[in-house]
2 protein chains.
Amino acid sequence: MAKYNKVSEAVIRRLPKYYRYLKDMEKNGVQRISSRELSDKMGLTASQIRQDFNCFGGFGQQGYGYNVSELCNEIRKILGLHKNYNVIIAGAGNLGQALANYIGFEREGFYIKAIFDVNPRLIGMSIRGIQIMDIDAMKDFITNNDIQVGVVCVPKDKAQEVTNQMVESGIKSIWNFAPIDVETPDDVAVENVHLSDTLYTLVYKMNEI
Amino acid sequence: MAKYNKVSEAVIRRLPKYYRYLKDMEKNGVQRISSRELSDKMGLTASQIRQDFNCFGGFGQQGYGYNVSELCNEIRKILGLHKNYNVIIAGAGNLGQALANYIGFEREGFYIKAIFDVNPRLIGMSIRGIQIMDIDAMKDFITNNDIQVGVVCVPKDKAQEVTNQMVESGIKSIWNFAPIDVETPDDVAVENVHLSDTLYTLVYKMNEI
DNA sequence: TATATATCGTTAAAAAAATAACAAAGCATA
DNA sequence: TATGCTTTGTTATTTTTTTAACGATATATA
């Protein structure tokens, strides 16, 4: 699968940002953009932008710049957003429900197929047509429904256990929101999102100013 | 305010992670830890850990290591979590409500004082005793209630406008969840949290494996 | 008390990332 | 068509970040 020789983490983390800006420009009818203009908008250097894009092959043209919608499409493909993904959420608490309610994911091809929880009062309910099911049914559901992405929204002390269950059932991507770094085998991708971390960094910066 | 000579962004972004691990160890009764042990737990190098801590002065002792609760406290102070902060949330949608419902922030001294929205059906309701008010009342509320942190959970096209209102009212920290990079004057700290970005990075990694 | 061991703080080296520089290639204009 | 301008892709340089090395200092043990 690995299409490109070892692209650095730093570059990869910038891809979604490029994608955001390009999508926006495309929507606004912008047809072409130079690395210079893009650098102004995004607060990066033009040099970095050109180098980043060149990790994946040159999408631009000398004397012209980049075609916005073409570039946008390339980045969509690089990120893998041209494909669809089936998703489940473990944990129907505040955050789990908020994610289930958010329609933006579907627009990028992420389809939430079910939510799982331990709370009997939640089981049986549904959010936007997505059923909340007993967490004991999760492993079977994953196996039978071709689920690629598992979202972990359970409390901290259950996060690793739930992750393990997802991994055992064949999920290859874990998007974890519990405030702990969950671990996965080498062949399972994981993103530990720590919302509080950014809040703490924020107040650090505020106090530093 | 700037206590330490230019600590790099990379180091600052690791502080919350140290804090998380140390808090956990402290809770579990661990009294001392060496940079070596900590590096094993956290997946960093011991060298990096020692260098990071030394940006803020040495907290350890040769031949012994670090006292966990002492170190934890130091990092708490460095981040500014020994103080309390008054917070408001703009946008009582899914995410705004989820954040308001999350009790973890209070444990670190972040007190949510009010939520603001445009929706008349939400205005007047309350979440955990936190009132949802008309967004037109936001500026006055900020001015009169010593608010330091503003959380932006409004739709993308209103995010910059709401940010501006917060800044005009004297808020010094913006924690933005709208999928756009909001901009602030130099003396106002901002963290643009893009949840989708981490999802996209996740599937990139999955496809790469 | 003396000696061996552990571990920090700090300086040095290596690696990675960002920036700058510039030739090559296309566009635009006369 | 010829000439000047723009802008890329790519190589070189600089800066930043990470890792390694090691003297100094404390602990632990005999």
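Please read all numbers here as calculations on a predicted model, not as lab measurements. Chain naming here is simple, since letters A, B, ... match the order of the sequence lines and numbering starts at 1 in each. No hydrogens, no waters, no symmetry mates; every other heavy atom, side chains included, goes into these values.
Side-chain N/O atoms of A/S35 include none lying less than 4.0 angstrom from OP1 or OP2 on D/dT7. For B/T45, no side-chain nitrogen or oxygen approaches OP1 or OP2 of D/dT18 to under 4.0 Å.
A donor-acceptor contact closer than 3.5 angstrom links the side chains of B/D181 and A/Y21.
Using a 4.0 Å cut-off between charged nitrogen and carboxylate oxygen, A/K6 and B/E208 do not count as a salt-bridge pair.
Each of A/Q61 and A/R50 has a nearest nucleotide on DNA chain C; the 5'-most of these lies closest to A/R50.
Aromatic ring orientation, A/F110 versus B/Y200: parallel (interplanar angle below 30°, classes split at 30° and 60°).
Separating the CZ atom of A/R13 from the P atom of C/dA18 is a distance of 13 Å, rounded to the nearest angstrom. Atom CZ in A/R32 sits roughly 11 Å away from atom P in D/dT6 (whole-Å rounding). Here C/dC27 presents its C1' atom at 11 Å from OH of A/Y64, a figure rounded to the nearest Å. If you take CD1 of A/I12 and P of C/dA18, they are 12 Å apart, rounded to a whole angstrom. Rounded to whole Å, atom P of C/dA18 lies 9 Å from atom CD of A/Q51. Remark: C1' of D/dT7 and CD of A/E37 are 11 Å apart, rounded to the nearest angstrom. The distance from atom CE of B/M42 to atom C1' of D/dT18 is 15 Å, rounded to the nearest whole Å. When rounded to the nearest whole Å, the span between CD of A/Q62 and P of D/dG9 equals 6 Å.
The side-chain heavy atoms of B/Q51 and B/Q48, taken from C-beta on, include no pair separated by under 4.5 Å.
Judged by the 6.0 Å and 45° rule, B/R32 forms no cation-pi pair with B/Y66.
One N or O donor and one acceptor, one from the side chain of A/S47 and one from the base of C/dA20, sit under 3.5 Å apart.
With D/dT8, C/dT10, C/dA17 as the candidates, the nucleotide lying closest to the side chain of B/N54 is C/dT10. When each of D/dT18, D/dT17, D/dT19 is scored by its nearest atom to the side-chain atoms of B/S8, the top-ranked nucleotide is D/dT17.
Among the heavy atoms of the strands, none lies under 4.0 Å from B/F53.
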